Amino acid sequence: MSVTQYIAQYVDALAPGVPFAYADLRLGLHQGGAAAKALERLVARNELKRIAKGIYCVPGRGAFQPSGPTDEQYVETLLRKNDKQVAYVTGMRLMAKLGFVEASDSYPWVLAMYRRRGPIIHARLTIQAVSSWVPIDESKIPVLELLDAVKMFSKLAGQQPKQCMQHLFELCAELSDDQRFLLVETASHYPASTCAFLGALISYWNWELDLTPLKARVNPTSRYRCALSHSALPTSAEWRLFN
């Protein structure tokens with residue numbers, strides 16, 4: 001089967017509006033030129049719609065068929081590259097997913113990407129890329145999401161810091177032993193304030209973990225603001241936290 005025939009067959013199997021990236025075709029390096037020409041011909045014949053560089057979809061033909069992908073579908077194409085996860089949704093949309101705030105379409109799209117930051121603009125949708133603190137791997141995503149919640153805790157706590165801490169504990173309690181170890185090791189790459197708060201939480205929760213990586217990041221002459229009072233988090237003074 002030629003590259004042109006393979007791509008035509010691939011496109012025929014797609015539902016209207018569902019995006020795909022060039023990498024999804026899984027072609028060999030030597031097939032790139034033929035693939036690019038085949039995609040260009042399909043776009044010229046309006047059988048494909050180019051959404052962004054390297055991202056396409058089959059346009060809908062009927063009045064009730066989608067002409068392009070939803071925002072969620074488009075964002076999904078940015079999370080993976082060559083079958084590997086290279087980004088994850090963070091910010092307030094992540095906090096809604098984790099249950100800290102109510103979901104809202106008004107929240108901006110924020111993607112954590114390793115060593116990349118700045119806007120990604122697509123039609124009406126602007127996505128903000130922020131640099132992740134460590135390289136992204138699919139197995140790390142649950143830990144990275146929780147660390148972002150730890151980092152954003154003061155913003156999330158509002159008038160209910162105790163309830164927010166309890167919810168964070170319930171989420172962290174679901175981690176496996178290996179994930180808890182990874183949580184501490186990964187947190188050591190985050191800001192010192194995040195390390196201090198996580199160290200105080202884990203000490204309060206009595207987890208049996210070596211917190212040396214976190215203590216090494218905490219400056220003994222610095223103080224870090226925390227939304228929780230000393231009575232709510234008795235270990236806060238030990239980790240240089242103040243309300």
Side-chain angles (χ1 to χ4, degrees), residues 18-26 54-55 71-101 103 107-118 120 127-153 155-156 164-218:
V18 177
F20 71 94
Y22 176 83
D24 294 328
L25 296 173
R26 300 183 181 182
I55 301 177
D71 292 349
E72 289 79 4
Q73 288 174 324
Y74 175 68
V75 168
E76 189 67 28
T77 65
L78 302 177
L79 301 184
R80 305 187 69 84
K81 184 176 182 180
N82 297 330
D83 285 336
K84 293 183 179 181
Q85 186 147 1
V86 296
Y88 66 94
V89 176
T90 187
M92 294 306 292
R93 285 183 180 266
L94 171 60
M95 297 308 111
K97 170 189 167 184
L98 295 178
F100 287 101
V101 297
Y107 292 141
W109 285 100
V110 183
L111 301 186
M113 298 179 167
Y114 189 53
R115 293 180 176 174
R116 178 174 178 178
R117 61 177 65 247
I120 302 171
I127 301 165
Q128 184 65 30
V130 297
S131 182
S132 63
W133 298 95
V134 296
I136 293 173
D137 180 89
E138 192 163 2
S139 64
K140 294 180 182 177
I141 299 300
V143 164
L144 293 173
E145 290 180 340
L146 288 175
L147 284 174
D148 285 358
V150 171
K151 183 174 179 291
M152 294 179 64
F153 184 84
K155 182 177 181 179
L156 299 171
C164 190
M165 182 178 70
Q166 177 61 28
H167 184 60
L168 183 58
F169 167 72
E170 291 168 357
L171 292 173
C172 289
E174 296 178 0
L175 297 175
S176 67
D177 290 342
D178 287 343
Q179 287 176 318
R180 293 185 183 191
F181 174 82
L182 183 62
L183 182 74
V184 172
E185 193 279 328
T186 306
S188 66
H189 299 278
Y190 275 63
S193 57
T194 302
C195 294
F197 183 44
L198 181 63
L201 288 173
I202 292 176
S203 298
Y204 178 62
W205 295 337
N206 290 316
W207 287 6
E208 294 184 1
L209 287 173
D210 179 10
L211 301 182
T212 302
L214 300 182
K215 291 179 180 177
R217 295 280 287 115
V218 176

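Keep in mind the model is a prediction, meaning the values are calculated, not measured.
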Glu76 atom CD: more than 12 heavy-atom contacts under 6.0 Å: no
Those residues that, when tested against Tyr22, pass ring pair (Phe, Tyr, Trp, His ring centres under 6.0 Å) (two or more places apart): none
Quick one: does Arg93's side chain have a donor or acceptor within less than 3.5 Å of a partner on Tyr107's backbone? yes
Would you check, one step at a time, whether the test side-chain contact (heavy atoms from CB on, under 4.5 Å) holds for Leu144 with Tyr190? CA-CA 10 Å; Leu144 293 173; Tyr190 275 63; 3.8 Å; yes
Before giving the answer on side-chain hydrogen bond (donor to acceptor under 3.5 Å, both in side chains), spell out for Thr212 and Asp210 the whole-Å C-alpha distance, their side-chain angles and the decisive distance to 0.1 Å. CA-CA 6 Å; Thr212 302; Asp210 179 10; 2.6 Å; yes
Using side-chain hydrogen bond (donor to acceptor under 3.5 Å, both in side chains), reason through Tyr114 and Asp137 one step at a time and then give a plain yes or no. CA-CA 10 Å; Tyr114 189 53; Asp137 180 89; over 6 Å; no
Whether His167 and Phe100 hold their rings parallel, tilted or perpendicular, with breakpoints at 30° and 60°: perpendicular
With a 6.0 Å cut-off (strictly less than), is the heavy-atom count around NZ of Lys140, excluding the residue itself, greater than 12? yes
Polar side-chain atom of Arg180 near backbone of Ala173 as donor-acceptor pair, under 3.5 Å: yes
Are Val110 and Ile127 packed together at the side-chain level, in the sense that at least one heavy-atom pair is separated by less than 4.5 angstrom? no
Taking atom CD of Glu208 as the centre, does the number of heavy atoms from other residues, nucleotides or ligands within less than 6.0 Å exceed 12? no
Answer yes or no: is there a donor N or O on one side and an acceptor on the other, between the side chain of Asp24 and the main chain of Ala21, under 3.5 Å? yes
